[in-house]
*Asks:* 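Handing you a structure now.
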Amino acid sequence: MARNLGRFLVLILLVSICDAASVFQPISDSHRSAALELFTPVNGSFGSLEETYEALRTFEVLGVENKSDVRHASCASVSKTLESSSSSLKDLFFALKVNGILKCKINEKALEGIISRLKAAINDANSLLDLYHSIGSLVLMKEQSLKADLHLSDAKGVFHSIKALSQSDGRWCYSSSNPQSSAYAAGIALETLAGVVSLSSSEIDQSMIGALRNDVLKLFDGIEKYYNGASYFDEKLIDSHENQGSISTTSSVVRGITAFAAVTEESLNLPGDKILGLARFFLGIGIPGDSKDFFNQIDSLACLENNRVSIPLILSLPSTVLSLTKKDSLKVRVNTVLGSSAPPLTVKLVGALGSKDTSLIDSQELKFNSETGVHILNDLPKSIDVGSYMFTFEIVLHELEPEEVYATGDQTKVPIFVTGIVKIENAEIAVLDSDLGSIETQKQLDLAGNNIASLSANHLQKLRLSFQLTTPRRHAFQPHQALLKLRHESKAEHIFVVGSSGKQFQLVLDFLGLVEKFFYLSGRYDIELTVGDAVMENSLLRALGHIELDIPEPPEKAPHPPLQPVDPYSRYGPKAEITHIFRAPEKRPPKELSLTFLGLTILPLLGFLIGLLRLEVNLKNFPTKAAPATFALLFHIGIGVVLLLYVLFWLKLDLFTTLKALGLLGAFLVFVGHRILSYLAATSSKLKSA
Amino acid sequence: MARSSGKDAQALFQSLCTAYAATPTNLKIIDLYVGFAVLTALIQVVYMALVGSFPFNSFLSGVLSCVGTAVLAVCLRIQVNKENKEFKDLAPERAFADFVLCNLVLHLVIMNFLG
C-alpha cells in the first residue's frame with residue numbers, strides 16, 4: 001500500500017513539474033545509464049526468474065550491453081525450472097521468457113513433459129492468471145521453435161471461457177469466484193486471447209474477434225486523462241491488494257492490445273490521440289526509481305514502437321529557452337517513443353501566444369536537416385520579443401503506405417522562454433527640493449560600472465530615481481522586480497517598488513512623509529537597486545551609493561525600530577525554561593502527634609473491653625450441642641472473615657472484587673446466621689414457655 | 001439554696017445510678033458499646049481540630065463509622081428492651097441479625113470512602 005502511495009506521489013510530483021502542455025522527451029541515453037544502475041545483478045543473478053526477465057528485456061529494448069555475465073546463472077535457473085515437475089505455471093512462463101532472450105540449451109524430454117502439463121493446466125484452469133501463464137508458455141515455445149506444430153485442442157472452448165470473464169465496462173475479472181473487475185486483468189486477458197488465436201487460428205471465427213474489438217473500445221472509453229495530454233488506465237478500487245498501480249495497469253493494457261492487434265487482420269479502430277496519450281504517459285514518468293516501473297515503462301514503449309494500431313510520434317525540443325542575444329534558432333525533433341527516426345514529415349509552427357493571448361506570428365514551416373534529424377527555424381520572427389510564450393506546432397506527414405498508421409496528435413503546445421539583454425538607459429538619481437521641484441544634486445548613474453554616488457538630503461527634500469528599460473526589439477519591458485532598498489547603518493532596511501509608465505521607470509521618495517517610517521533615524525543610508533526578471537539575461541542587484549539623511553529628533557511617542565536579531569538563527573536556539581506551578585502540597589501533621597492520637601483512639605476500645613469484664617460477660621449461652629455449636633462458630637468466623645475482607649479492601653483490593661467476595665460470604669453468613677439465631681430463638685422460647 | 005440544689009443533684013445522681021444498676025446486663029453491654037463508639041468519634045474530632053481536615057473523606061468516614069455504629073446499637077437496644085411494648089413481638093435474635101447486617105453494610109461503605 002505504501003509502495004502504491006509512493007508511486008502515486010512520485011507520479012503527481014513529476015506531472016506537476018511539467019506545465020499545462022509539457023514537453024515529452026523520447027527515451028535517451030540517460031535511460032540507458034539509469035537502467036545499468038538500477039538493474040545490478042547480485043552474485044551473478046538478478047533474483048527470481050521474473051526479475052531476471054524484467055532486467056534482460058529492459059536491456060534488450062534499450063540496446064544496452066550487459067557487462068556482467070548473468071547468462072550462466074540464469075540459464076542454470078531456467079533449465080532447473082523447466083526440468084522440474086513441481087515448478088509453478090508462473091515460473092515456467094518466466095523461464096521460457098528468459099530463454100527467449102538468452103537462448104539457453106533445453107533438454108528435449110523436459111519440453112515434452114512441460115507441454116502435456118500446460119495442456120492439462122489449460123483444461124483444468126479456473127483463473128485468468130493460470131490461463132495466461134499456460135497459454136503464454138505455449139506461445140513462447142512456438143515462437144522459439146522449441147516444438148514445431150503446437151496446437152491447442154479446444155481453442156474455441158478456451159476462448160469462450162476467457163471471454164466469459166469479461167465485464168460490461170470492458171474490464172475483466174480474475175476468476176468467476178472473484179467478481180472484482182480490473183483493467184490489469186483486461187490486459188492479461190487480451191494477451192491470452194491473442195495467444196489462443198495465434199495457436200490455432202483456423203478455429204476462431206471473426207465474429208468472436210469482432211466482439212472482442214467492442215470490448216477493447218469499451219475499455220478505452222474508461223481511459224483517464226491528465227491535463228498535460230497523458231492518458232492512462234487505473235483500477236477503480238484503490239486499496240484492493242491486487243491493485244498494481246497505474247503504471248503496471250496501463251502497461252498490461254498496452255501489452256494486451258498490441259498483442260491482440262498483431263493477430264487480428266482488421267485493424268482496431270482506436271483513436272490515435274488515445275495511443276499518443278498512452279505514449280505520453282509513459283514518457284512523462286521520466287526515469288522511474290523502481291525496477292518494476294522501469295521495466296513496465298520500457299516494455300510498453302517497445303510495444304508501442306512497432307504496434308499495428310498506430311505508432312505514436314513524439315515532438316520534443318532539446319531546449320525550450322532561446323536567447324535573442326546568442327541568436328538561438330528553434331530546434332524541434334520528431335521521433336518514435338524509443339528515439340528512432342520518424343517517417344518523412346514536416347513540422348509547422350502555427351502559432352505563438354504571448355501574455356496577451358493573441359497569436360503573434362503566421363504559420364511557418366521548419367526546415368529539416370536530415371543529417372542531424374532536427375527541424376530548425378533559423379531566425380525567430382521579429383514579433384517575438386523577450387518573454388514567455390506558448391508555441392503551437394503541427395506535424396504534417398508526407399505520403400504513407402496504407403498499413404502505416406501514425407499518431408501525431410492535432411497540435412502540440414510547448415512553453416518557450418525567450419531571453420535577451422534588456423538595456424537600462426538614462427539612469428539618474430537626484431535630490432529635489434520639495435515644493436519647487438528644483439534639483440539640488442543630480443548624478444548620472446552608470447549601472448554597468450561600479451561608480452558610487454554620494455548624496456545628502458534633509459527631510460524637506462525628495463529623492464528621485466529614474467531609468468529606462470528597453471527590450472532587444474525596442475519595446476517597453478515590465479520586469480518582475482524593480483526595487484530600491486535604503487539601509488541604515490543600524491541595519492534597518494526599507495524597500496520601495498519603482499513604478500513605471502511605458503519604458504520609463506521612476507521612483508520619487510518624499511522624505512517629509514517618510515520620517516516616521518524611517519523611525520526618525522538620521523545618518524547614512526546605503527542605496528541598492530534591484531532590477532530582475534526570469535527572461536532578463538542581465539538582471540542586476542547593484543549598490544548605487546549612499547545618502548546622508550538629516551531627519552529631526554523623534555517625538556516622545558515615536559515607534560522604535562525593531563531590534564535586529566544579533567544572530568538570525570537564534571530563533572532556533574533553546575527557549576526559556578518553563579517552570580510549572582504545582583499546587584503546594586497540604587501541610588501534614590507531625591508523625592508523633594498522629595501516633596499519639598492513634599494510641600488515644602485505641603483507648604475507648606480498651607475501656608469497652610474492661611467494662612465488659614466488669615459486667616461479668618460470659619459465654620454460658622453458647623450452644624453445647626455439636627450442630628448448633630458449629631453453626632455458631634461458623635457465624636462468628638464468617639463475621640470475622642467479612643471484617644478481614646474489609647481490611648483487605650482498604651489495603652489493596654478494588655470494589656468489584658470485594659463485592660464479589662462479599663456476595664459469596666454474605667450468602668454463607670446469612671444461611672449460617674439464620675440457623676444459629678433461629679436455634680437460639682427456639683431454645684429461649686422453650687425456656688420462656690417452660 | 002445552692003446547697004440544696006447541690007444535694008438534690010447528688011440525690012438525683014444517686015437514684016439514677018441505682019436505677020441504672022437494675023437494667024439487664026445485655027442492655028448494659030449495648031450502652032457500653034455506644035459509649036465506646038461516641039468516645040472514639042470525639043477523639044477523632046479533636047484530632048481534626050488540631051491538625052486540620054486535609055483528607056476530609058477519611059475524617060468523615062471515621063466519624064461517621066463511629067456515629068453510625070452507635071446509632072445502630074441504639075436501635076438494637078430499643079428493639080431488645082423487654083420493657084418496650086412496641087417491639088414485644090420481635091425476637092431479639094432477629095434484631096441482633098439486623099444489627100449485624102446493617103453494621104456490615106455500613107462498614108463496607110465506610111471502607112470504600114476511607115481512601
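First the proteins, then the strands, lettered A, B, ... as listed; each starts at 1. Quick caveat: nothing in here was measured; it's all calculated off a predicted structure. The figures here come from the full heavy-atom set of this structure, side chains too, leaving out hydrogens, waters and symmetry mates.
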*Asks:* Is it the side chain or the backbone of A/T658 that comes within 4.5 Å of chain B heavy atoms, both, or neither?
*Replies:* side chain
*Asks:* So, taking the atom named CG in A/L677 and the one named CZ in B/R94, what distance separates them when rounded to the nearest 0.5 Å?
*Replies:* 11.0 Å
*Asks:* Measure A/L669 against the heavy atoms of chain B and call it side chain, backbone, both or neither at under 4.5 Å.
*Replies:*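 The side chain, not the backbone.
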*Asks:* Quick check on B/I110 against chain A: is it the side chain, the backbone, both or neither that has a heavy atom closer than 4.5 Å?
*Replies:* neither
*Asks:* So, B/Y47 and A/T601: side-chain donor and acceptor under 3.5 Å apart, yes or no?
*Replies:* no
*Asks:* Under 4.5 Å between any side-chain heavy atoms of B/F54 and A/P589, yes or no?
*Replies:* no
*Asks:* Kindly compute the distance separating CG (A/L680) from CZ (B/F96), expressed to the nearest 0.5 Å.
*Replies:* 9.5 Å
*Asks:* Is chain B contacted by the side chain of A/I676, its backbone, both, or neither, given a heavy-atom distance below 4.5 Å?
*Replies:*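 Neither; nothing under 4.5 Å.
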*Asks:* For a side chain to side chain contact (heavy atoms under 4.5 Å, CB included) check, start with the C-alpha distance between A/F608 and B/L39, then their side-chain angles and the critical distance, and finish with the verdict.
*Replies:* CA-CA 10 Å; A/F608 176 64; B/L39 203 55; over 6 Å; no
*Asks:* Taking atom NE2 of A/H674 as the centre, report whether more than 12 heavy atoms of other residues, nucleotides or ligands fall under 6.0 Å from it.
*Replies:* no
*Asks:* Chain B heavy atoms under 4.5 Å from A/L593: which part of the residue, side chain, backbone, both or neither?
*Replies:* both
*Asks:* Look at B/T25, B/L104, B/T40 and state which one has the largest set of heavy-atom pairs under 4.5 Å with chain A.
*Replies:* B/L104
*Asks:* Using heavy-atom distances under 4.5 Å, tell me whether B/V105 contacts chain A through its side chain, its backbone, both, or neither.
*Replies:*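 For B/V105, backbone heavy atoms alone lie under 4.5 Å from chain A.
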*Asks:* To the nearest 0.5 Å, what is the distance between CG (A/L648) and CE (B/M111)?
*Replies:* 9.5 Å
*Asks:* Between B/V51 and A/F597, is any pair of side-chain heavy atoms under 4.5 Å apart?
*Replies:* no
*Asks:* Side chain, backbone, both or neither: which part of B/P92 has a heavy atom under 4.5 Å from chain A?
*Replies:* neither
*Asks:* Within a radius of less than 6.0 Å around NZ of A/K517, do more than 12 heavy atoms belonging to other residues, nucleotides or ligands occur?
*Replies:*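 Enclosed.
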*Asks:* Can you say whether B/V38 sits under 4.5 Å from chain A via the side chain, the backbone, both, or neither, judging by heavy atoms?
*Replies:*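 The answer is neither part of B/V38.
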*Asks:* Is it the backbone or the side chain of A/T596 that comes under 4.5 Å from a heavy atom of chain B, or both, or neither?
*Replies:* neither
*Asks:* Under a 4.5 Å heavy-atom cutoff, which of B/N103, B/L42, B/L108 has the most pairs with chain A?
*Replies:* B/L108
*Asks:* Roughly how far apart are B/Q44 CD and A/L600 CG, rounded to 0.5 Å?
*Replies:* 11.5 Å
*Asks:* Is there a side-chain contact between A/E586 and B/P55 (heavy atoms, below 4.5 Å)?
*Replies:* no
*Asks:* Exactly one of A/L612, A/L615, A/V617 should register a side chain to side chain contact (heavy atoms under 4.5 Å, CB included) with B/K28. Which one does?
*Replies:* A/L615
*Asks:* Rounded to the nearest 0.5 Å, how far apart are NE2 of B/H107 and CG of A/L645?
*Replies:* 13.5 Å
